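Beneath this line is the structure, given in structure tokens, with notes to follow.
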Amino acid sequence: MTGVTSSLTRVRPPRHRRRPREPKIRRAPLALLMLAVVAVGVVAAGVTWWSGATLAGDPSELARVELQPLAGTLVSAKAYGAGGKKIPVAVEHGRLVPKTLIDPGVRVKVEVVVRRPRWLGWAIGRTRHEHLTVETPVARVPNRWLTLRHGAPLRVRFAAGVDRIAYRGRTIAARGRHAVTLGRRQPAGTVGLAAAARPWERLGAPLRLSWFPPAPRSAVLVSPAPRGTVSPLAPIRLTFQKPVAAVFGSVAPRFSTSVPGRWLTVDTHTLLFRPHSFGFPFSSKLHLVLPHAVGVIDGRKTATARAIDWTVASGSLVRLHQLLAQEGYLPVDWQPADDAVATTPRAQVAAAVTPPAGRFVWRYPNTPSQLTSQWNPRVLTEITRGAVMMFQDEHHLTVDGFAGQHVWRALIADAIAGKRRTAGYSYVYVHIRLPQLLTLWHNGEVVLTSPGNTGIASTPTQPGTYPVFEHIPVGTMSGTNPDGSHYNDPGIRWISYFHGGEALHAFTRASFGTPQSLGCVDLPLAAAAQVWPYTPIGTLVTIENS
């Protein structure tokens with residue numbers, strides 16, 4: 001065994017070096033930190049507040065803008081009305097004043113823009129926008145029903161000051177006063193009063209202000225005035241001194257005859273009857289019955305009554321002719337100067353009272369002079385009577401030639417419906433001189449000329465123009481002969497009565513062309529048969545006087 005020499009070396013573990021100690025940092029207390037944050041917030045809030053702007057309403061102008069010391073500069077102020085329409089405004093001492101008149105009681109949107117200083121704008125914004133919606137003031141009268149003692153001036157009190165008022169064409173400056181005196185008035189009455197609350201406002205809608213004399217029972221103002229003439233579509237207004245409920249309770253006045261329309265409660269003191277359709281009948285008496293007796297004011301007098309009366313206006317003769325011509329019952333046509341009257345009851349009734357302008361023209365160029373000489377659109381003639389009678393007969397009305405309420409309503413109804421008679425216009429005239437001849441004219445043409453016989457000297461046919469009032473194909477004619485005896489002739493053909501017992505008709509004679517009858521116009525059978533269809537009720541017959 002060989003010898004081995006070993007050498008063992010002792011290895012020591014490495015020694016860890018001690019790190020150097022870090023210096024201690026002394027932290028601020030949390031309370032101090034929070035205090036600093038609050039301080040910064042307060043400063044920021046203060047800066048923001050001192051740089052602010054407020055926009056608010058104003059008692060005299062449209063709005064008011066206030067700027068804080070750091071707010072900067074007001075660069076624009078704008079106002080907008082309905083539909084976004086711009087309203088020009090000026091800024092005077094921080095108040096926005098409209099440069100044009102604005103209606104009262106409308107909503108206006110106001111917008112202002114403020115520009116902050118540069119040193120502040122980077123932090124909280126360069127501009128600030130403020131918006132406000134305001135409603136323009138309305139002048140209001142708390143009590144519009146006044147009791148006025150005799151001789152006292154009429155004094156109107158407003159809920160707030162007003163700039164000016166206007167009534168009956170006059171404008172009075174109020175300059176912010178709450179009360180305005182209108183001077184001495186009649187013992188009772190009504191006035192429409194408009195007011196503007198601000199100088200930059202237009203006058204508002206007129207308010208109805210009514211005053212009454214002191215009375216033991218409630219008085220009533222009536223419009224239109226009692227016992228006057230009213231239009232068929234005139235609204236009837238009753239304005240009471242006391243509230244309607246205190247006077248009549250829930251019972252409404254009523255008309256003695258049925259009238260289309262209804263009562264409306266306008267306000268606590270006012271009832272209004274608004275007629276519908278054709279309204280009150282033309283030329284009628286209107287009688288309103290009240291639930292209880294009240295003091296009806298008529299001019300300067302007040303009388304206790306349970307009823308109020310009026311007369312309804314008649315239709316205009318000119319308008320009657322216009323409608324008859326328009327609907328084909330006259331030998332003339334009517335041409336309006338402006339647009340035709342609207343085909344509504346209200347427009348047609350109004351035109352019946354106040355006719356529109358226009359002119360009448362003859363429908364046919366060769367109208368007989370015997371007919372044209374009788375026409376006058378402003379005078380009631382036999383041409384008018386004949387046309388009315390024809391209209392009445394065709395509409396199954398009483399045939400009397402008088403244009404009463406039923407005729408007017410039927411005429412207006414036809415005008416609204418656009419109806420027109422298409423049978424044309426006929427006219428008959430008889431030459432009394434020898435040889436006696438009858439001429440039938442229709443739609444501009446002579447249809448027939450025939451010899452005829454008029455009355456003898458003792459029973460002559462009366463000269464003049466008359467409308468046919470009875471039209472029968474066959475009948476019995478009876479009467480008294482010149483010698484006192486009676487006659488009774490049955491089976492007389494083609495009769496058209498035009499004046500009393502005088503008629504156009506067929507009669508058997510040995511000859512024609514001389515006076516032979518007892519007042520009628522006798523015609524040969526063939527001629528009478530041809531004339532008769534052209535002479536319905538209302539057709540004019542002229543007997544010449546020479």
Side-chain angles (χ1 to χ4, degrees), residues 103-106 135-198 201-226 234-250 252-253 262-274 288 290-292 294-302 308:
D103 290 329
V106 298
E135 185 171 313
T136 55
V138 177
R140 304 186 188 279
V141 179
N143 183 17
R144 296 189 286 116
W145 304 276
L146 309 175
T147 299
L148 192 66
R149 68 179 185 276
H150 181 70
L154 181 61
R155 189 171 178 81
V156 186
R157 297 185 182 276
F158 294 88
V162 296
D163 176 72
R164 65 195 184 281
I165 66 169
Y167 70 100
R168 293 178 180 172
R170 297 180 58 193
T171 301
I172 297 177
R175 298 185 178 87
R177 298 198 302 272
H178 284 64
V180 180
T181 300
L182 303 186
R184 286 176 170 76
R185 301 280 151 185
Q186 292 182 350
T190 297
V191 66
L193 184 73
R198 300 289 181 267
E201 279 188 328
R202 295 186 181 92
L203 291 167
L207 302 169
R208 288 180 64 88
L209 181 71
S210 302
W211 64 96
F212 307 82
R217 66 172 70 232
S218 181
V220 60
L221 281 165
V222 183
S223 176
I236 303 296
R237 183 184 292 267
L238 306 178
T239 304
F240 293 88
Q241 189 173 15
K242 298 178 181 178
V244 177
V247 181
F248 290 159
S250 59
R262 66 188 183 113
W263 285 100
L264 304 173
T265 300
V266 178
D267 50 51
T268 56
H269 289 246
T270 309
L271 292 177
L272 179 71
F273 182 83
R274 193 174 296 281
L288 178 65
L290 306 175
H292 306 291
V294 295
V296 178
I297 298 172
D298 187 0
R300 295 179 177 272
K301 298 179 181 179
T302 302
I308 305 171

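Please read all numbers here as calculations on a predicted model, not as lab measurements.
Partners of Asp298 under the salt bridge (charged side-chain N to carboxylate O under 4.0 Å, His left out) rule, at least two apart in sequence or in another chain, are Arg227. Residues satisfying the side chain to side chain contact (heavy atoms under 4.5 Å, CB included) test with Ala166, not counting sequence neighbours, are Thr171, Leu203. Arg164 pairs by the salt bridge (charged side-chain N to carboxylate O under 4.0 Å, His left out) definition with nothing, not counting sequence neighbours. Partners of Pro137 under the side chain to side chain contact (heavy atoms under 4.5 Å, CB included) rule, at least two apart in sequence or in another chain, are Ala197, Arg198, Trp200, Glu201. Residues satisfying the salt bridge (charged side-chain N to carboxylate O under 4.0 Å, His left out) test with Arg140, not counting sequence neighbours, are none. Asp103 pairs by the side chain to side chain contact (heavy atoms under 4.5 Å, CB included) definition with Val106, Arg202, not counting sequence neighbours. The side chain to side chain donor-acceptor pair (under 3.5 Å) test applied to Thr270 returns Asp267, not counting sequence neighbours. For Thr190, the side chain to side chain contact (heavy atoms under 4.5 Å, CB included) test picks out Arg208, Ser210, Leu221, with sequence neighbours left out. Remark: Phe212 engages no residue in a ring pair (Phe, Tyr, Trp, His ring centres under 6.0 Å) (not counting sequence neighbours). The ring pair (Phe, Tyr, Trp, His ring centres under 6.0 Å) test applied to Tyr167 returns no partner, not counting sequence neighbours.
The two residues Ala234 and Pro224 come nearest to each other via the heavy atoms CB-CG, 4.5 Å. Pro213 and Ala188 make their closest contact through CD-CB, 3.8 Å (heavy atoms, listed as atom of the first residue, atom of the second, distance).
Here the side chains of Val244 and Thr265 are not in contact, with every heavy-atom distance at 4.5 Å or above.
A donor-acceptor contact shorter than 3.5 Å links the side chain of Trp263 to the backbone of Pro253. Side chain of His269 to main chain of Thr239: no donor-acceptor pair is present (N/O by atom type, distance under 3.5 Å, no hydrogens or angles). Proximity of a side-chain donor or acceptor of Trp211 to a complementary backbone N or O of Val191 within less than 3.5 Å is not detected. Looking at Thr136, its side chain does come within 3.5 Å of a backbone N or O of Gly105 through a donor-acceptor pair.
Screening residues 237-250 for salt bridge (charged side-chain N to carboxylate O under 4.0 Å, His left out), with sequence neighbours left out, gives no hits. Residue pairs that meet the side chain to side chain donor-acceptor pair (under 3.5 Å) test with at least one member in residues 146-160, sequence neighbours left out, are Thr147-Gln241, Arg155-Thr181.
Between Phe248 and His292, the ring planes lie tilted relative to each other; the angle falls in the 30° to 60° range.
Distance check, rounded to the nearest 0.5 Å: CG of Leu207 to CG of Leu193 gives 6.5 Å. How far OG of Ser223 is from CG of Leu238: 9.5 Å, rounded to the nearest 0.5 Å. With rounding to the nearest 0.5 angstrom, the CG atom of Leu182 is 5.0 Å from the CD1 atom of Ile165. We find the CG-CG distance between Leu272 and Leu264 to be 5.5 Å, quoted to the nearest 0.5 Å. In this structure, Leu154 CG and Leu146 CG are separated by 6.0 Å, a value rounded to the nearest 0.5 Å.
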